[in-house]
Amino acid sequence: LTKMAEPYKIKMVEPLKIRTKEERIRLIKEAGYNPFLLNAEDVYIDLLTDSGTSAMSDNQWAGMMLGDESYAGSKNYIHLVEVVKDIFGYNYVVPTHQGRGAEKVLFPVLVKKGQYVVGNMHFDTTKAHIELSEGIAVNLVTREAEDVGNYHPFKGNFDIEALKSFIEEKGPENIAFILATVTCNSAGGQPVSMENIKEVRKMADKYGLYLFFDAARFAENAYFVKQREKGYENKSIKEIVREMFSYGDGFTMSAKKDALVNIGGLIAIKDDVELFTKVKTMLIPMEGFVTYGGLAGRDMEAMARGLEEVLSEDYLSWRINQVKYLGDKLREAGIPIQYPTGGHAVFIDGKKFLPHVPQEQFPSHTICVELYIEAGIRAVEVGTLLAGRDPVTKKEILPALDFVRLTIPRRVYTNSHMDVVAEAVKRVYARRDSIKGLRFTYEPPILRHFTARLEPV
Ligand SMILES: CC1=C(O)/C(=C\N=C(/Cc2ccc(O)c(F)c2)C(=O)O)C(COP(=O)(O)O)=CN1
């Protein structure tokens with residue numbers, strides 16, 4: 001009985017519809033072979049994203065009834081600030097409507113035109129906001145992240161040597177700041193070790209640079225540190241989070257992930273009150289007054305309570321092992337995935353799954369389409385379609401990592417749903433030789449994957 005079942009019981013349910021295969025073939029065609037353009041009610045198991053899709057707890061729902069919707073000085077804001085201080089040790093906090101809200105306020109304050117923002121791997125919207133601030137986004141993740149089939153405990157780590165030589169080559173004055181994404185979504189939800197964070201901190205100190213965190217999945221990162229890093233096995237998640245963030249100068253957070261809410265974001269600054277003043281100045285026109293930043297009081301209350309709940313080891317153990325449960329079933333069937341599985345998703349290596357489909361015909365996105373037809377499962381491509389074109393040459397970027405992301409919402413699906421997903425992936429794998437790639441019928445100019453329309457070649 002050591003197998004952890006869900007550490008909660010279900011009090012409310014949302015009935016799911018299961019469309020017939022004929023319906024699904026019609027629906028995905030009408031959606032231009034782009035799962036983003038499907039109606040949610042036509043999806044049986046929705047693995048598009050873990051962002052904003054969590055189930056809240058009774059404690060959070062109770063908090064929604066305590067929304068102080070005062071324009072200024074809401075008690076929910078005061079509660080949220082206390083919780084952030086207590087967990088992360090940062091003194092200055094403002095809410096935003098979501099992660100992008102935090103990025104569009106903080107980045108223009110930190111980035112001068114042409115400067116570099118160096119990270120392990122920036123997620124696409126973060127890269128977009130670095131570029132909107134006229135900065136240049138650079139990924140310096142460890143080479144181990146590309147060693148998809150082999151075990152490495154911290155594939156989200158920075159390549160410290162590469163970081164050092166990049167800063168030396170460009171000069172510290174041309175680096176806006178360092179951004180550590182924990183866990184590293186684009187590498188496969190892979191964690192960054194405490195030791196690596198300390199190394200990055202040393203670089204930041206040596207060259208007089210800020211180190212910020214993209215903290216969307218901070219608790220999952222802490223869990224992996226506890227499980228995999230020597231010296232942390234007996235520390236609480238909260239102690240590990242506290243130490244992790246002690247090495248940073250601030251963070252942006254999409255609260256829609258590890259804060260277990262459906263909307264919300266945060267900017268927190270450790271102790272640089274000048275920087276905080278600049279952030280507040282930008283926040284007011286961009287997101288709203290300091291004490292609500294684009295959120296209702298009730299949202300801030302749910303977030304404060306979610307930030308405390310997510311530190312529970314029972315919850316994290318169950319959540320992370322559910323991802324592993326699905327990943328193990330696929331590996332047992334010989335299906336190529338990023339191994340070990342990350343904190344929030346199983347990432348299938350689309351290039352290895354469909355070796356006969358050229359990368360320009362989007363192998364991973366093709367698998368997403370086939371998964372929907374096979375069983376009404378909506379996954380998302382994190383690869384060539386997402387990467388887009390080189391802004392100068394306009395050629396397809398063809399990234400080394402081309403994944404199908406089976407993204408698991410928090411506290412929503414049981415392992416029975418995971419069994420359905422595993423069976424569907426295996427059925428698509430069994431008929432992989434007959435699967436053809438896709439080409440555009442409409443290619444949007446920016447963040448094309450959201451609204452692109454395609455057809456089978
Ligand atoms: C590490 C990090 C993120 O993962 C992230 C978002 N992530 C999403 C939503 C998403 C974003 C872009 C896509 O092409 C996509 F298909 C899905 C996701 O599913 O993973 C944001 C931004 O946070 P916001 O979404 O609250 O503004 C900042 N940092």
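Ligands are counted one by one from 1 in listed order, and the atoms in each one are counted from 1 as well.
- Here Tyr315 and Tyr8 keep their ring centres 6.0 angstrom or further from each other.
- Aromatic ring centres of Phe166 and Phe158 lie farther apart than the 6.0 Å criterion allows.
- At a threshold of 4.0 Å, the pair Asp42-Arg378 does not count as salt-bridged, since none of the basic side-chain nitrogens sits closer than that to a carboxylate oxygen.
- A salt bridge does not link Glu146 to Lys155: none of the charged nitrogens lies less than 4.0 Å from a carboxylate oxygen.
- In terms of polar-atom proximity, Thr125 is not counted as a contact of ligand 1, lacking any N or O under 3.5 Å from an N or O of the ligand.
- For the side-chain contact (heavy atoms from CB on, under 4.5 Å) with Leu260, the lone residue among Arg305, Arg411, Met56 that qualifies is Arg411.
- Residue Ser254 has at least one nitrogen or oxygen atom sitting less than 3.5 Å from a nitrogen or oxygen atom of ligand 1, judged on distance alone.
- For atom 11 (C) of ligand 1, the closest non-hydrogen atom on the protein side is Phe123 CE2, 3.5 Å.
- Remark: Arg432 is not positioned above the aromatic ring of Phe353, lacking an NZ or CZ atom under 6.0 angstrom from the ring centre and at most 45 degrees off the axis.
- Of the candidates Asn185, Thr407, Asp258, His344 forms a side chain to side chain donor-acceptor pair (under 3.5 Å) with just one, namely Asn185.
- Atoms of ligand 1 lying under 4.0 Å from at least one heavy atom of Thr49, given by number and element, are 18 (C), 19 (O).
- Contact annotation: for Leu386 versus ligand 1, heavy atoms closer than 4.0 Å belong to the side chain alone.
- Relative to atom 18 (C) of ligand 1, the option among Lys256, Arg405, Met121 with the closest non-hydrogen atom is Arg405.
- Under a 4.0 Å heavy-atom criterion, His344 is not in contact with ligand 1.
- Residues Tyr292 and Tyr71 bring a donor and an acceptor atom of their side chains to less than 3.5 Å of each other.
- In terms of polar-atom proximity, His449 is counted as a contact of ligand 1, with an N or O under 3.5 Å from an N or O of the ligand.
- Atoms of ligand 1 lying under 4.0 Å from any heavy atom of Gly99, numbered from 1 in the order shown and given with element: 23 (O), 24 (P), 26 (O), 27 (O).
- Nearest-heavy-atom check against atom 2 (C) of ligand 1 across Asp214, Thr407, Val382, Thr53 picks out Asp214.
- Listed by number with element, the atoms of ligand 1 under 4.0 angstrom from any heavy atom of Glu103 are 28 (C).
- Near Thr181, meaning under 4.0 Å from one of its heavy atoms, ligand 1 places the atoms 1 (C).
- Residue Thr126 approaches ligand 1 through these ligand atoms, each under 4.0 Å from one of its heavy atoms: 28 (C), 29 (N).
- Taking the six-membered ring for Trp, Phe251 and Tyr90 have ring centres closer than 6.0 Å.
- Ranking protein heavy atoms by distance to atom 7 (N) of ligand 1, first place goes to Lys257 NZ, 3.1 Å.
- For the ligand labelled ligand 1, residue His122 lies outside the 4.0 Å heavy-atom shell.
- Below 30°, between 30° and 60°, or above 60°: for Phe245 and Phe213 the angle between ring planes is between 30° and 60°, a tilted geometry.
- Of the protein's non-hydrogen atoms, the one nearest atom 16 (F) of ligand 1 is Phe36 CZ, 3.3 Å.
- Remark: ligand 1 and Val380 share no N or O pair separated by less than 3.5 Å (distance only, no angle test).
- Proximity of the aromatic rings of Phe403 and Phe347 is defined here by a centroid distance below 6.0 angstrom, and this criterion is met.
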